[in-house]
Every structure is written in structure tokens, then in C-alpha cells.
Amino acid sequence: MFRTFANAWKIVDLRKKILFTAFIILIYRIGSAMPVPFVDIATTGGLFGEEAANTFMTYLSMMTGNAFNYGTLFALSITPYINASIIIQLLTVAIPYLQKLSQEGEEGRKKMNRITRYSALFLGLLQSVAYYFFIRAQGYLATNADGKAYTGFFGVFQGIIVVLCYTAGTVLVMWLGERINEKGIGNGISIILFAGIVARMPTTITNLYQYINRGGAYFGLVPVAAIALIGMIFFIVWMDNAERRIPVQYAKRVVGRKMYGGQNTHMPIKVNMCGVLPVIFASSILSILPTIAMFAPGKEGSFWYKLSQVWLGQTHPFYGTLYFIFIIFFAYFYAAIQYNPIEMADNLRKNSGSVPGIRPGKPTSTYIQKILNRITLIGALLLSVVAMFPIIYSQVAGIFTENGMNLAIGGTSIIIMVGVALETQKQLESQMMMRHYKGFLD
């Protein structure tokens with residue numbers, strides 16, 4: 001990876017794109033530290049402490065690089081756009097109009113992107129309103145001389161300004177991501193998400209150092225954690241590159257005086273075809289009840305208290321079991337949306353292709369479906385290992401209960417970071433290869 005980056009830096013065009021991407025990341029980080037009028041959260045040390053562990057708030061804080069925790073301009077970051085993209089992608093299967101757009105090539109893709117942007121704007125407005133009422137209830141808005149919240153016209157004006165600032169921040173982050181797509185390197189949304197996760201690393205390292213310094217953990221656990229982290233990175237790289245290749249043979253066709261086809265190739269299916277989405281879905285759903293419990297904790301000893309704050313705590317076996325089941329379920333759910341064995345078999349038949357030993361048509365689609373089921377299970381199990389390892393390690397090391405660090409999010413963060421790094425590396429390599437070919441032809 002470092003060699004690829006060094007070689008890309010030597011090419012003038014790629015160097016400009018890398019610098020442009022770095023400049024956009026700098027703007028994003030400045031916006032993540034820029035305060036919003038009438039909101040003062042940073043001076044109090046942030047919104048969430050140990051009581052917010054294992055809630056959707058910690059997930060949002062991770063995705064925004066702690067901007068959500070401090071109520072800055074980019075507090076919502078790219079999460080509304082990610083949610084809108086996932087929703088539109090899921091609705092493509094259920095709504096014929098969206099399904100038709102997805103099959104119309106470049107023009108259909110532009111219309112789908114436009115629908116996704118408007119959906120992201122709508123979700124950003126809703127989340128901005130919800131976030132405003134949350135920080136207002138927590139007492140983080142500007143008050144009058146008596147120390148009470150503003151009411152009447154000025155209170156409404158205050159709310160409108162705060163909501164518009166957060167909504168504008170969401171639109172601006174979305175725009176920055178699109179600028180990276182046009183003039184930078186890598187996928188803009190992924191790069192911004194990557195930057196937000198990396199920005200949390202100094203805080204995490206500082207918390208771990210303070211925890212060890214006050215005698216909260218044996219120092220020997222540090223090299224163990226470092227080795228485990230490196231092992232997880234290598235494991236994710238291997239998992240991301242692993243694929244199942246279905247052999248395909250094309251029949252020979254004579255068109256005029258030329259012969260086409262007659263070649264043997266393969267149809268690759270990635271083992272981790274769903275990426276990190278099953279983990280994100282599972283974490284989000286399991287975080288709903290603990291998040292509600294922050295506002296309505298219930299009486300100690302009641303069923304609601306045990307369910308939301310004990311059984312769904314990351315140190316409880318019940319949480320780990322549900323987490324594992326949900327990852328498997330969403331992996332199959334997302335794979336069923338992304339891959340259509342009947343359509344894949346039909347495309348092979350139209351192009352005079354076939355799987356050796358399998359008849360075209362329904363037998364081929366059944367064969368592909370069988371392989372997809374096995375590959376999805378293997379990929380989901382591998383993904384579960386990465387996602388659940390921090391939970392198991394935190395229980396063994398005894399870090400979670402005393403330090404309050406949400407290590408379960410760590411598995412998701414590593415998967416996202418490694419995936420974005422590999423994607424960016426492949427894009428750099430492809431662009432360098434295109435320039436070599438162009439120079440050879442010239």
C-alpha cells in the first residue's frame with residue numbers, strides 16, 4: 001500500500017488529486033470542530049459518558065469523529081446520506097420505478113443519486129430536529145440572564161438557527177464527498193467516514209493510557225491488544241480479497257467470417273459480499289432499546305431495566321447471542337437483495353455461457369443459489385468473528401466495565417478503515433495502469 005502511494009505521488013495528476021483529497025479532509029475536520037450558535041457542549045466535556053455505552057449515540061459519535069458528542073457543525077456528518085443510500089437501495093427491490101431506474105445505465109444512476117440526495121436532506125432535517133430537542137432537554141442551549149431556556153419568539157428563532165446549521169452541515173459534508181469523487185481519490189463518502197474514525201484514535205489511545213496509568217489494567221495486555229489488532233487487520237484484508245470463482249464456459253459463435261466465444265473464464269463471488277453493512281444493521285437495532293433507556297431508564301429491578309440495561313449490555317451473553325444471530329440474518333438479507341441467481345443464469349444463457357456440468361436455465365440458477373447460500377454463511381461467520389472479538393477481549397481484559405470504552409464498535413471501525421484503504425489502493429493502481437497504457441499508446 002505504501003509503495004502504491006509513493007508511486008502515485010510521483011505522477012503529477014495523481015499528486016494533485018491526493019492533495020485535493022487531503023484538503024477536503026482538512027475542511028471536514030475544521031467543520032467537525034466548529035461550534036454552532038446557541039450551543040455550548042465542548043466546554044462540558046461532551047454529551048456522553050459511561051452511561052451512553054452500547055447505545056446508538058456511541059455509534060453516531062464513532063461515525064462522525066466525535067462531532068456528534070460535542071454538537072459541532074458536522075455533528076450529523078455523513079450518516080443521513082448513508083442511511084438514505086441504504087434505504088433507497090432496499091426500496092429498489094420493492095418499488096418498480098426505482099428498480100427500472102437502476103437498470104437504465106448512466107441516466108438512471110444520475111436520477112437515483114438525485115433521489116438519494118433529497119432523501120438525505122429530508123433525513124438530515126429530521127435528525128437535526130431530534131438532535132436539537134435532545135440537547136435542549138440536556139440543557140446545552142444558551143439561556144437568559146436567569147439561567148432559564150429562552151421561550152417565545154427568541155426560543156423559536158434559536159431552534160430554527162440550530163436546526164438549519166446542522167442540516168446545512170449535513171448538506172455540506174455530502175457536497176464535500178461528491179467533490180472527492182470528481183476531483184480526488186477514492187469514494188468521497190467512504191473517505192470522509194474513514195477520516196472521522198481515524199480522528200477518534202488519539203482519544204481512544206489517550207483513554208487507554210490513562211486507564212493503564214491508574215492501574216486499571218496489566219501493562220502486558222497492551223502488546224496483546226496490539227498483536228490482536230494487527231491480526232484482525234490481516235484477517236480483514238484476507239477476507240476482503242477472498243472470492244469463490246464459478247467456472248464458466250462460452251460456446252463458439254461464428255458471426256460473418258469471425259469466430260467469437262469458445263473461452264473458459266470464471267464468475268467471481270466475493271466471500272464478504274455484504275461488507276460491513278450486516279454489522280452496522282445489527283449494532284443499530286441492538287442499540288435502540290438502550291438508547292430509549294437513556295430517556296426512560298425505568299425502575300431498577302423491573303423487566304424494562306433488566307432488558308435495556310442488563311441483558312442488552314455488551315458484557316451479557318444475551319447481547320452476544322443476538323448480535324451473532326442478527327449479523328447472520330442481515331448478511332443473508334443483503335445478499336438476497338444484491339444477487340439474483342435467476343437473472344445471473346439468464347444472462348449466462350443469453351451470452352451462450354454455461355457452467356460446466358450444469359444445464360442452462362433453472363439448474364444453473366439453483367446451482368448459483370446453492371453457492372451463494374454457502375458463501376454468505378462463510379462470509380457472515382468471518383464477519384462475526386471480527387465484530388465479536390472486541391467484545392470477548394473486553395470481557396477477558398476487564399476493560400469495558402471500568403473504562404467505559406465501547407470496544408464493540410472497534411470491530412466495525414477496523415472493517416470500515418481497512419475496506420476504505422483497500423478500495424483507495426485499488427483505485428490508485430487502476431489509474432496508474434491507465435496512465436501507463438496511455439503513455440505506451442502515445
Side-chain angles (χ1 to χ4, degrees), residues 1-2 4-5 8-9 14-36 42 46 57-86 117 120 124 127 166 168-207 229 232-233 236-237 240 275-277 279-280 283 406 409-428 431:
M1 179 180 295
F2 294 106
T4 302
F5 183 82
W9 186 260
L14 291 182
R15 183 165 64 243
K16 291 180 179 179
K17 290 187 175 183
I18 293 173
L19 291 175
F20 180 82
T21 304
F23 177 69
I24 295 296
I25 293 175
L26 177 62
I27 295 177
Y28 169 70
R29 291 310 304 162
I30 292 175
S32 298
M34 187 176 298
V36 171
M57 306 300 183
T58 49
Y59 163 75
L60 290 176
S61 184
M62 181 271 293
M63 298 285 279
T64 60
N66 259 350
F68 186 84
N69 191 26
Y70 293 104
T72 55
L73 180 63
F74 292 162
L76 301 181
S77 188
I78 205 66
T79 51
Y81 183 82
I82 294 176
N83 295 335
S85 301
I86 294 173
R117 291 192 198 100
Q127 292 183 20
Y166 288 132
T170 297
V171 176
L172 181 56
V173 172
M174 186 167 55
W175 182 82
L176 291 176
E178 292 177 351
R179 298 289 74 74
I180 294 179
N181 291 337
E182 293 180 4
K183 301 181 180 180
I185 288 293
N187 183 282
I189 304 303
S190 301
I191 292 294
I192 288 178
L193 189 60
F194 178 88
I197 295 174
V198 171
R200 283 175 53 91
M201 283 188 173
T203 303
T204 303
I205 295 174
T206 302
N207 292 338
L229 176 63
M232 287 179 64
I233 293 176
I236 294 171
V237 172
D240 191 77
V276 74
L277 287 178
V279 178
I280 293 178
S283 302
N406 195 349
I409 299 297
T412 309
S413 303
I414 296 174
I415 296 173
I416 294 175
M417 291 171 60
V418 175
V420 173
L422 291 175
E423 180 186 0
T424 306
Q425 179 190 5
K426 292 177 182 177
Q427 185 170 343
L428 281 173
Q431 294 200 21

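These numbers come from the heavy atoms of this one structure, side chains and all, not from hydrogens, waters or symmetry mates.
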As an exercise, state the distance from CD1 of Ile78 to CG of Asn83, rounded to the nearest 0.5 Å. 10.5 Å

Between OG1 of Thr72 and CG of Asn66, what distance do you get to the nearest 0.5 Å? 9.0 Å

With a 3.5 Å distance limit and no angle check, can you tell me whether Thr170 reaches the backbone of Tyr166 through a side-chain donor-acceptor pair? yes

State plainly whether the residues Glu423 and Lys426 are in salt-bridge range, i.e. N to O under 4.0 Å. no

When every non-hydrogen atom of Phe74 is compared with those of Ser32, the smallest separation belongs to CD1-N, 3.6 Å

Derivation and outcome, side chain to side chain contact (heavy atoms under 4.5 Å, CB included), residues Lys16 and Lys183: CA-CA 9 Å; Lys16 291 180 179 179; Lys183 301 181 180 180; over 6 Å; no

Looking only at non-hydrogen atoms, find the nearest pair between Ile192 and Ser77 and report the distance. CG2-OG, 4.5 Å

Crowded around Phe20 CZ? As in, over 12 foreign heavy atoms under 6.0 Å? yes

For Thr64 and Arg29, work out which heavy atoms get closest and say how close. O-NH1, 4.3 Å

Heavy-atom closest contact (Gln127 atom, Pro80 atom, distance): OE1-CG, 3.7 Å

Which heavy atom in Ile189 sits nearest to a heavy atom in Tyr81, and how many Å separate them? CG1-CE2, 3.6 Å

Could you tell me whether a side-chain N or O of Asn187 sits under 3.5 Å from a main-chain N or O of Ser190, the two making a donor and an acceptor? yes

List the steps, then state whether side chain to side chain contact (heavy atoms under 4.5 Å, CB included) holds for Val237 with Val418. CA-CA 7 Å; Val237 172; Val418 175; 3.6 Å; yes

Would you compute the distance between atom CD1 of Ile24 and atom CG of Leu19 and round it to the nearest 0.5 angstrom? 12.0 Å

Residues Thr21 and Ile185: closest non-hydrogen pair is OG1-N, 2.9 Å

To the nearest 0.5 Å, atom CZ of Arg179 lies from atom CE of Met174 at 10.5 Å

Check for a donor-acceptor pair, side chain of Asp240 on one end and backbone N or O of Ile236 on the other, with a separation under 3.5 Å. no

Would you compute the distance between atom CD1 of Ile191 and atom CG of Leu176 and round it to the nearest 0.5 angstrom? 13.0 Å

